[in-house]
Protein chains: 2
Amino acid sequence: MDIPSTSIPELVEGTAPDRPLAALEQLAILGRYDTDQCVYHCNDSIEHWYRVVRGAARSSALSDDGRRYIVDFVFPGDLFGFCGQRARHFCVEAIVSGTLIARYPRDRAEKLADCNPQIARNIRQAAFESIARMQKRTAILGRASALEKVSGFLLEMSDRGAAAATGTVFLPMPRYDIADYLAMAVETVSRTLTELRTRRTIVFRDPRHVSICDRGALEHFASGLIDPQRQPATRREQRTHEDLSRSLPQPVISSSRTATPKVQSGEQRCS
Amino acid sequence: MDIPSTSIPELVEGTAPDRPLAALEQLAILGRYDTDQCVYHCNDSIEHWYRVVRGAARSSALSDDGRRYIVDFVFPGDLFGFCGQRARHFCVEAIVSGTLIARYPRDRAEKLADCNPQIARNIRQAAFESIARMQKRTAILGRASALEKVSGFLLEMSDRGAAAATGTVFLPMPRYDIADYLAMAVETVSRTLTELRTRRTIVFRDPRHVSICDRGALEHFASGLIDPQRQPATRREQRTHEDLSRSLPQPVISSSRTATPKVQSGEQRCS
DNA sequence: CGCCAACTTGACGTCGGTCAACCGATGTGG
DNA sequence: CCACATCGGTTGACCGACGTCAAGTTGGCG
């Protein structure tokens, strides 16, 4: 393997609730990666689990026609590299130079989990968090408009500790990565960010550092509602894409149809 | 609780590799659901894990403006309802009438896993498969065009045992659900299916039963999302707008730009 | 200072969302 | 048994958001 590594089992920075993973950490092998350097390749066999210690990485795949898909970004504390299959379906590359990633030999980790229920729970928990993350990500991807996607993305980045300390969100990845993550063109990402900037919803310190000025507005965009500041626009002519649809729909009527088009009543009470 | 249930711990049909989950199955409570009936709601606390025994279900959420998105479909054998958080973020509803779903009290299942490593491994495996499924799903959603999305969807449905026996794929969900799953309009789903039909790529027995006539073409449309396990497929010759671009990129050069636009040289060799 | 990558902005064409109508299957009541 | 309503699905027409191509601007590093 071409992976540079030290064998210093270093404690994971950034892990939120400081778990008693000491025994697991004994297995850790720490690797340092430069920008775009590969942590593992597509079709590799699965021999390790990984955890980001410092920096950030992306999980991606290329399709036949040369386009790229980014399936996930991982940040300090995130455990990744789980897979139900026999081989990797994606490759993982560091985004920022000096990214530190710990890897845990899978068989040994599994054995450890076998005799230590606490470790097994922790791993399970990490997997569950990974699922939750993927689901939320799916929800963002599934949004229709560029404004919704980008707003959702900014909120996600803001929430995932990537920023934390200062009020600013750090976007370690280039616009290209954002575009591939959101399944849209780089230009549209850029345009949408500018739109948010001119609306004063966000402010750029530099292209990679954003401050969220109006989080409420972002959340509003992300869930596909009407423009907050602007007037409800009594008429429908010059309406732009963001003051879409009407305000809050009420259920009440009980139609059996569980369609998208409008609101359905059904028995669910999802927010 | 309004959930109808019997306490017959029935063996799960459709589970592929017949696992020794006997002890876990002792905990199972079987429920029967009609179409659109809710298995659990959004914001419910997390008290069970679930497994589809027969039928199918969808995991979905509503956004503020009344649109719905479907995060996942689950079929017989699929274990679901894992969650890193404290409360559900989605609700799950049966798609077909007579859907059978087993539920396992979470705390008791966890305890069982604590003292039975094999069960712990099985649960972990199920979680990993769930992750893999979500990732593949993300790849489909991330595809740009309607044709790609729908083709990817059909392949997914075909692969996920939903069909199996006969050569035809059964689509248990209405078009609306497909639309919300793929984040597109129902009309577009319909139009795209007709296009595939006129191209003779697929044939409908009825709106819910499709036969895939030219799987190679579908894979080609879906362009690269193919499950690596599957056989090399037919070939890519007479296809439309796609050209096979270059083959495999060599490592070596370290270009900093990992762009989408065209093909970049980078060091990855994802298929 | 000058180069190149990263990012932004502009112009234009198109894919797909929206609105609306239509069709067949199923069901319900008279 | 046949009107009539309802629901799922399909088709058509229109137009706006976004992808594409191309040029311009910023910023980081030699």
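Here the structure is a predicted model, which is why all the values come from computation and not from measurement. Residue numbering restarts at 1 for every chain, and letters A, B, ... go by the order of the sequence lines.
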> Whole Å only: how far is the CD1 atom of A:Ile178 from the P atom of C:dA6?
Replying inline: 13 Å
>> If I take atom CG in residue A:Asp177 and atom C1' in nucleotide C:dA6, what distance separates them, rounded to the nearest angstrom?
In response: 12 Å
> Would the A:Tyr50 and A:Tyr40 ring centres measure less than 6.0 Å apart?
Replying inline: yes
> When you match A:Asp206 and A:Ala185 each to their closest nucleotide on DNA chain D, which lands nearer the 5' end?
Replying inline: A:Ala185
> Does A:Arg191 make a side-chain donor-acceptor contact with the base of D:dT20, cut-off 3.5 Å?
Replying inline: yes
> Can you check the B:Leu196 CG to D:dT10 C1' distance for me, whole Å?
Replying inline: 15 Å
> About how many Å separate OH of A:Tyr33 and OG of A:Ser97, when rounded to the nearest 0.5 Å?
Replying inline: 13.5 Å
> On the ring face of B:Phe73, is B:Arg137 found with NZ or CZ under 6.0 Å from the centre and within 45° of the axis?
Replying inline: no
> For the pair made of CZ in A:Arg197 and P in C:dC7, what is the distance, rounded to whole Å?
Replying inline: 13 Å
> Is the shortest side-chain N to carboxylate O distance from B:Arg199 to B:Glu195 below 4.0 Å?
Replying inline: yes
> Does A:Thr194 place a side-chain N or O at less than 4.0 Å from the phosphate oxygens OP1/OP2 of C:dT9?
Replying inline: yes
> Do any side-chain nitrogens or oxygens of A:Arg208 fall under 4.0 Å of OP1 or OP2 in C:dC7?
Replying inline: yes
>> Tell me whether the side-chain N/O atoms of A:Thr188 come closer than 4.0 Å to OP1 or OP2 in D:dG19.
In response: yes
>> Under 3.5 Å, is there any donor-acceptor pair linking the side chain of B:Glu187 to the base of C:dC19?
In response: yes
>> Can you measure B:Lys149 atom NZ to C:dG17 atom C1' for me and round it to whole angstrom units?
In response: 11 Å
> Got a salt bridge between B:Arg133 and B:Asp78, using NZ or NE/NH1/NH2 to carboxylate O under 4.0 Å?
Replying inline: yes
> Rounded to whole angstroms, how far apart are CZ on A:Arg143 and P on C:dG17?
Replying inline: 13 Å
> What is the distance, rounded to the nearest whole Å, between atom NE2 of A:His209 and atom C1' of D:dT26?
Replying inline: 17 Å
> A:Leu182 has an atom CG; how far is it from atom P of D:dG19, in whole Å?
Replying inline: 10 Å
